[in-house]
Every structure is written in structure tokens, then in C-alpha cells.
Amino acid sequence: RARSRGPRPTRRPRKASEAPLFERPHRGAFGRRGAAMLVCACCRPDELIEATGLPTERTGSRVSLSALVAQEAPWKAAVAPDSPHFRADLVRSSVEQPWGMVLDAPGDAIYIAMVRGGGVAAEYNRTAPAQARIESDDFIVAVNGRGDLSSMLHMLRESTKASLEISRPCVFEQPVDKGGGPLGLSLKHSEDGTTLCVSEISPDSPVRSDGLDIKIGDLVVGVDGRRGKAAALLAEIRARDALSLTVARLI
């Protein structure tokens with residue numbers, strides 16, 4: 001005989017404030033169960049963006065800090081908290097007006113050797129938050145959404161608006177003792193550049209034998225505390241047996 005189960009308990013309708021903490025995994029194209037989309041219900045959307053640093057259609061950047069910039073300024077800054085990366089939007093009156101930065105591009109990114117006073121970049125820095133100011137030794141890794149070197153250089157030459165994706169560097173001093181032999185590094189540089197880019201490390205280089213912290217793609221930006229043109233840096237390296245290299249690394 002079938003037993004009576006009694007009336008089923010009614011569920012109280014869930015209020016909007018009682019939304020589940022996470023959505024369930026959904027079925028998708030990557031197997032029986034798709035990847036779970038985790039959405040924190042205790043944060044507003046803008047708080048979640050700040051916590052994750054993810055780009056959104058609403059802001060177009062990781063975290064919008066435009067409210068911190070003067071309304072009349074033609075440039076904006078966006079930066080994720082505690083991130084080595086940020087965006088700087090620069091505007092100039094014409095393509096003849098310089099950006100006010102000394103740039104070098106011996107590798108895959110554009111290195112900022114100096115920010116000149118009175119230029120577009122310096123004016124941007126005047127109103128930008130401290131964590132989003134353009135500084136010497138920074139790297140430009142994209143311009144107007146393009147990350148290949150030729151496109152970045154073209155945009156900087158031909159555009160009056162430049163949205164710069166900038167990465168803070170790791171800059172350190174690396175003592176080197178050549179031991180009476182060659183340094184064992186292949187260093188490439190542009191004609192009027194200020195840096196030497198490490199393109200190859202020979203197996204018998206003191207960098208390898210002594211386990212020094214120098215990698216392919218690093219930039220040598222100074223020798224024994226002195227900076228200058230790439231040719232002068234090369235001359236210093238050849239003339240000295242024991243020296244200290246100032247290295248800038250893209251992170």
C-alpha cells in the first residue's frame with residue numbers, strides 16, 4: 001500500500017539580497033560540465049572589478065580613476081591596485097608636438113629613458129595619481145591597443161591621441177667580473193639609443209658560469225652608475241674587467 005507522504009513543504013521565495021554566493025557550473029562546449037563562473041554576491045559589480053582587476057565593457061579598463069583627474073584635462077589614467085601595469089591616455093595638439101619622452105626600442109617593448117619637463121607626458125603626470133605617473137625606466141607595451149613594436153612606433157609618430165599601456169620595470173644592479181675575458185653577451189642597440197638589449201648569452205659567459213641574474217630581453221641601461229648613449233655604454237663594458245651593470249627588466 002502506498003504511504004501518504006503528506007503535503008510538501010513550501011519554499012519561501014528567495015529575496016534578491018539572498019542570492020547564492022556562486023553560480024553553479026553550467027554545461028558548455030568544454031565537456032559535460034562547463035567551467036564554473038564565480039560571481040561574488042557580496043560585492044557590487046564595481047567592487048568586484050577592483051578586486052579582480054578584470055576589464056569590463058562599463059569602464060573599458062581595469063579600474064577607472066578618471067574621477068581623480070581634473071575634468072578639463074585631455075588625458076586620463078587607469079590602474080589596478082598594487083599592479084605594475086597601468087594605462088595613460090595622452091593627447092597632443094598636432095603630430096608635430098613631441099610627447100615629451102626620450103624613448104628607445106631595441107627589444108619588443110618601448111623603453112622610457114626620460115620624461116622631459118613641459119611636455120605632454122609631464123602635463124599628464126601633473127594631474128595623474130602617483131601610481132599612474134609615467135616615469136623613467138617604464139616600458140610601453142601597447143599603444144592604442146596594438147602591442148607589436150612597428151605598430152606602436154607608427155601610432156606614436158602619426159597619432160594625436162595615444163592610449164599607452166605601461167609596465168613598471170624591475171631595475172637592479174648586477175656586478176660582473178669578466179675574469180680577463182669577454183662578457184659573452186650579444187648586445188643589440190638602436191643607432192641613437194640609450195640601452196643595450198641582451199639578445200644572446202654564450203655558454204662560456206661569466207653570466208652563466210657565475211649564475212648571474214641576467215636574462216635574454218633584459219636592457220643594460222647603465223654601467224658603474226653612469227648612463228648615456230648605447231655606444232658609450234659598450235665602450236665602458238669593453239674597457240673594464242670588473243663592473244656593475246644597471247639592468248631594467250620588463251615584468
Side-chain angles (χ1 to χ4, degrees), residues 53 79-88 101-116 121 125 130-143 146-153 156 164-251:
V79 59
D82 301 323
S83 171
H85 309 284
F86 65 96
R87 191 194 73 220
M101 297 177 288
V102 177
L103 305 176
D104 194 10
D108 296 329
I110 300 175
Y111 171 77
I112 302 175
M114 180 189 301
V115 177
R116 297 187 184 278
N125 283 345
Q131 67 270 31
R133 290 174 187 158
I134 303 172
E135 300 175 354
S136 299
D137 295 329
D138 284 348
F139 287 91
I140 300 173
V141 296
V143 179
R146 302 293 297 272
D148 59 291
L149 185 59
S150 60
S151 294
M152 289 193 289
L153 294 174
L156 290 174
L164 308 180
E165 297 290 338
I166 296 178
S167 176
R168 295 288 193 215
C170 173
V171 181
F172 58 94
E173 293 290 327
Q174 178 60 71
V176 178
D177 188 346
K178 296 193 293 183
L183 183 59
L185 299 179
S186 293
L187 302 170
K188 62 180 182 178
H189 61 90
S190 53
E191 184 177 354
D192 294 322
T194 59
T195 66
L196 305 169
C197 181
V198 180
S199 59
E200 188 178 350
I201 304 175
S202 65
D204 56 349
S205 168
V207 171
R208 292 197 186 278
S209 60
D210 297 343
L212 304 184
D213 186 20
I214 295 180
K215 301 177 180 179
I216 293 177
D218 285 349
L219 298 185
V220 177
V221 299
V223 177
D224 288 339
R226 290 186 290 273
R227 300 196 183 201
K229 293 293 185 179
L233 298 179
L234 274 176
E236 290 285 339
I237 291 173
R238 290 176 180 141
R240 300 173 184 273
D241 197 45
L243 51 117
S244 179
L245 302 179
T246 305
V247 179
R249 178 175 296 165
L250 176 63
I251 57 175

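No hydrogens, no waters, no symmetry mates; every other heavy atom, side chains included, goes into these values.
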Donor-acceptor contacts under 3.5 Å from residues 191-201 side chains, at least two apart:
unit_1: Thr195; atom_1: OG1; unit_2: Asp104; atom_2: OD2; d: 2.7
unit_1: Ser199; atom_1: OG; unit_2: Ser186; atom_2: O; d: 3.1

Sequence-distant partners of Glu135, salt bridge (charged side-chain N to carboxylate O under 4.0 Å, His left out), two or more places apart: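 By the salt bridge (charged side-chain N to carboxylate O under 4.0 Å, His left out) rule, Glu135 matches Arg168.
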Under the rule for salt bridge (charged side-chain N to carboxylate O under 4.0 Å, His left out), what residues qualify as partners of Arg249, not counting sequence neighbours?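 Result, salt bridge (charged side-chain N to carboxylate O under 4.0 Å, His left out) vs Arg249: Asp213, Asp218.
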Which salt bridge (Lys or Arg N to Asp or Glu O under 4.0 Å) pairs, counting each pair once, include a residue from residues 230-242, with sequence neighbours left out?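 Matches after skipping sequence neighbours: Asp224-Arg240, Arg226-Glu236, Glu236-Arg240.
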Applying salt bridge (Lys or Arg N to Asp or Glu O under 4.0 Å) as the test, list every pair that has at least one member in residues 174-188; sequence neighbours left out.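 Listed once each, the pairs would be none.
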Those residues that, when tested against Arg146, pass side chain to side chain contact (heavy atoms under 4.5 Å, CB included) (two or more places apart):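 For Arg146, the residues satisfying side chain to side chain contact (heavy atoms under 4.5 Å, CB included) (neighbours in sequence not counted) are Asp148, Ser151, Met155.
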Restricting to side chain to side chain contact (heavy atoms under 4.5 Å, CB included), what partner residues turn up for Glu173, sequence neighbours left out?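 Expected list: Ser244, Thr246.
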Can you name the nearest heavy-atom pair linking [X] to [Y], along with the distance?
X	Y	value
Phe86	Arg133	CZ-O, 3.6 Å
Ile110	Met152	CD1-CB, 3.8 Å
Ser136	Ala113	OG-O, 3.5 Å
Gly222	Leu233	CA-CD2, 4.0 Å
Val115	Ile134	CG2-O, 3.7 Å
Pro169	Phe139	CB-CE1, 3.7 Å

Apply side chain to side chain donor-acceptor pair (under 3.5 Å) to Asp204 and list each qualifying residue two or more places apart in sequence or on a separate chain.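 Asp204 satisfies side chain to side chain donor-acceptor pair (under 3.5 Å) with Ser202 once adjacent residues are dropped.
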Applying side chain to side chain donor-acceptor pair (under 3.5 Å), can you list everything that pairs with Ser205, at least two apart in sequence or on another chain?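 Applying side chain to side chain donor-acceptor pair (under 3.5 Å) to Ser205 gives none.
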Taking atom CG of Leu250 and atom CG of Asp108, what is their separation to the nearest 0.5 Å?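 Rounded to the nearest 0.5 Å, the CG-CG separation comes to 9.0 Å.
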What is the distance from atom CG of Leu212 to atom CD of Gln174, rounded to the nearest 0.5 Å?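 These two atoms lie 4.5 Å from each other.
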Ser167 side-chain N/O to Ile251 backbone N/O, donor-acceptor pair under 3.5 Å: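 Flag set: sc Ser167 to bb Ile251 pair under 3.5 Å.
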Above 12 or not: heavy atoms from other molecules or residues under 6.0 Å from CG of Asp210?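 Counting other residues, nucleotides and ligands, CG of Asp210 exceeds 12 neighbours.
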Stepwise side-chain contact (heavy atoms from CB on, under 4.5 Å) test for Val143 and Leu164: CA-CA 5 Å; Val143 179; Leu164 308 180; 3.9 Å; yes
Should Leu103 and Ile112 be marked as a side-chain contact (heavy atoms from CB on, under 4.5 Å) after you check the CA-CA gap, both sets of side-chain angles, and the distance that decides it? CA-CA 5 Å; Leu103 305 176; Ile112 302 175; 3.8 Å; yes
Among side-chain atoms of Asp138 and Tyr111, is any donor-acceptor pair under 3.5 angstrom?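 No, no side-chain donor-acceptor pair sits under 3.5 Å.
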What verdict does the side-chain contact (heavy atoms from CB on, under 4.5 Å) test give for Leu245 and Ile237, after you've listed the backbone C-alpha separation in whole Å, the side-chain angles of each residue and the deciding distance to 0.1 Å? CA-CA 9 Å; Leu245 302 179; Ile237 291 173; 4.2 Å; yes
